[in-house]
Protein chains: 2
Amino acid sequence: MKTQLKKGTLDMCVLAALSQADSYAYELVSKLSQGMDISEGTIYPLMRRLQNESWVSTYLVESSSGPSRKYYKLTEAGRRELETMRREWQEFVAEVENVLRGGPAAATEGAQQ
Amino acid sequence: MKTQLKKGTLDMCVLAALSQADSYAYELVSKLSQGMDISEGTIYPLMRRLQNESWVSTYLVESSSGPSRKYYKLTEAGRRELETMRREWQEFVAEVENVLRGGPAAATEGAQQ
DNA sequence: ACAAGATACCTTGTATCGCAAGGTATCTTT
DNA sequence: AAAGATACCTTGCGATACAAGGTATCTTGT
């Protein structure tokens, strides 16, 4: 999957996943990797960013099959941010599709061929 | 408009615009800026990339209202690449929407709340 | 008991790309 | 001659995805 296209969407995808159920980074990677292809080197800095913005909070849970898991939980601010991101995403997609359709943003004047 | 979201889509948008009519960088900026918000500092390196990939060719046209314009024209390879990008874009959007809908890529197992 | 593998955390360095800021040259208008 | 629009371009910065590598825990096979 094209790396550049993902820029700016992974935060939203993670927040969306967390809006359904709390999760931990390692699990998020394996779940999101099915369709989105996200790697560990991406998720850990990303989760830190989300936490710095206070969009998620964390708590530790001991696991019966390995080391403790750091669960992330969406905060109220995170829920609001997710809605904002959704809106921006939809607007962005609409604008790109508009250009692809040859909408008003396409160059039409004074050109040849 | 969110900077990160544009990454990887501007090439496609420019190729799409050129698929309708030849154009030059300065004009592409003013046309695409209406909806997409693209700046000169972005377009010139971008056009060079497209040319390096042989997706566009260029020709000079003298203007009656300023310096000569460097027109860009989509090549056959460019047309094929545009179709590839379109496909990848659609697949990508579909996958993101899937995650937003809480699709199979969302974390559901073993979480709390 | 010990090695191997899975689970789970993390950091460092690299590449890419969009953009603000700045620079140059041409042509028209005042 | 000066000012402004047109049109080209480069440099340096910030953001982010990722490969590669590292550490610790827990289970399983021998």
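A note on names: the letters A, B, ... follow the listed sequences, proteins ahead of strands, and every chain is numbered from 1.
Ranking C/dC9, C/dA20, D/dA17 by closeness to the A/Lys6 side chain, first place goes to D/dA17. Across D/dC9, C/dC19, D/dT6, the shortest atom-to-atom separation from the side chain of B/Ile38 is found for C/dC19.
Note that the CD1 atom of B/Ile43 and the CD atom of B/Glu27 stand 11.0 Å from one another [nearest 0.5 Å]. Atom CG of B/Leu100 sits about 8.0 Å away from atom CD of A/Gln90, to the nearest 0.5 Å.
Rounding to whole angstrom units, NZ of residue A/Lys31 and P of C/dT7 are separated by 12 Å. Distance B/Leu28 CG to D/dC8 P: 9 Å, rounded to the nearest Å. Going from atom CG of B/Leu46 over to atom P of D/dC9 covers 13 Å, rounded to whole Å. The CD-P distance, from A/Glu27 to C/dA8, rounds to 8 Å in whole Å. Atom-to-atom, CD1 of A/Ile43 to P of C/dC10 comes out at 11 Å; the value is rounded to the nearest Å. Atom P of nucleotide D/dC9 and atom CE of B/Met47 are separated by 10 Å, given to the nearest angstrom. One can place CD of B/Glu53 at 11 Å from P of C/dT16, the figure rounded to the nearest angstrom. Rounded to a whole Å, the OH atom of A/Tyr26 is 9 Å from the P atom of C/dA6.
Taking a cutoff of 4.0 Å between a charged side-chain nitrogen and a carboxylate oxygen, A/Arg86 and A/Glu83 qualify as a salt bridge.
Between C/dG18 and B/Lys2, no contact under 4.0 Å exists linking OP1 or OP2 to a side-chain N or O. Taking only side-chain nitrogens and oxygens, B/Tyr24 never comes nearer than 4.0 Å to OP1 or OP2 of D/dC8.
When all heavy atoms of B/Leu28 and B/Ser23 are compared, the closest pair comes out as CG-OG, 3.7 Å.
Side-chain N or O atoms of B/Ser33 include none that pairs as donor or acceptor with a backbone N or O of B/Ser30 at under 3.5 Å.
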Filtered N/O pairs between nucleotides 25-30 of chain D and protein, under 3.5 Å:
unit_1: D/dT27; atom_1: OP1; unit_2: A/Ser64; atom_2: O; d: 3.2

Polar pairs (N or O, both sides) under 3.5 Å between protein and nucleotides 10-15 of chain D?
unit_1: D/dT10; atom_1: OP1; unit_2: B/Arg48; atom_2: NH1; d: 3.2
unit_1: D/dG14; atom_1: N2; unit_2: B/Lys7; atom_2: NZ; d: 3.4

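Within the 4.5 Å cutoff, the side chain of B/Met47 has no heavy atoms near those of the B/Asp11 side chain. The shortest distance between side-chain heavy atoms of A/Lys73 and A/Tyr71 does not fall below 4.5 Å.
Ring geometry, B/Trp89 versus A/Phe92: the interplanar angle exceeds 60°, so the pair is classed perpendicular (tilted spans 30 to 60°).
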Applying side chain to side chain contact (heavy atoms under 4.5 Å, CB included) to B/Glu53 and B/Glu81, what does each step give before you reach the verdict? CA-CA 10 Å; B/Glu53 300 282 355; B/Glu81 177 64 19; over 6 Å; no
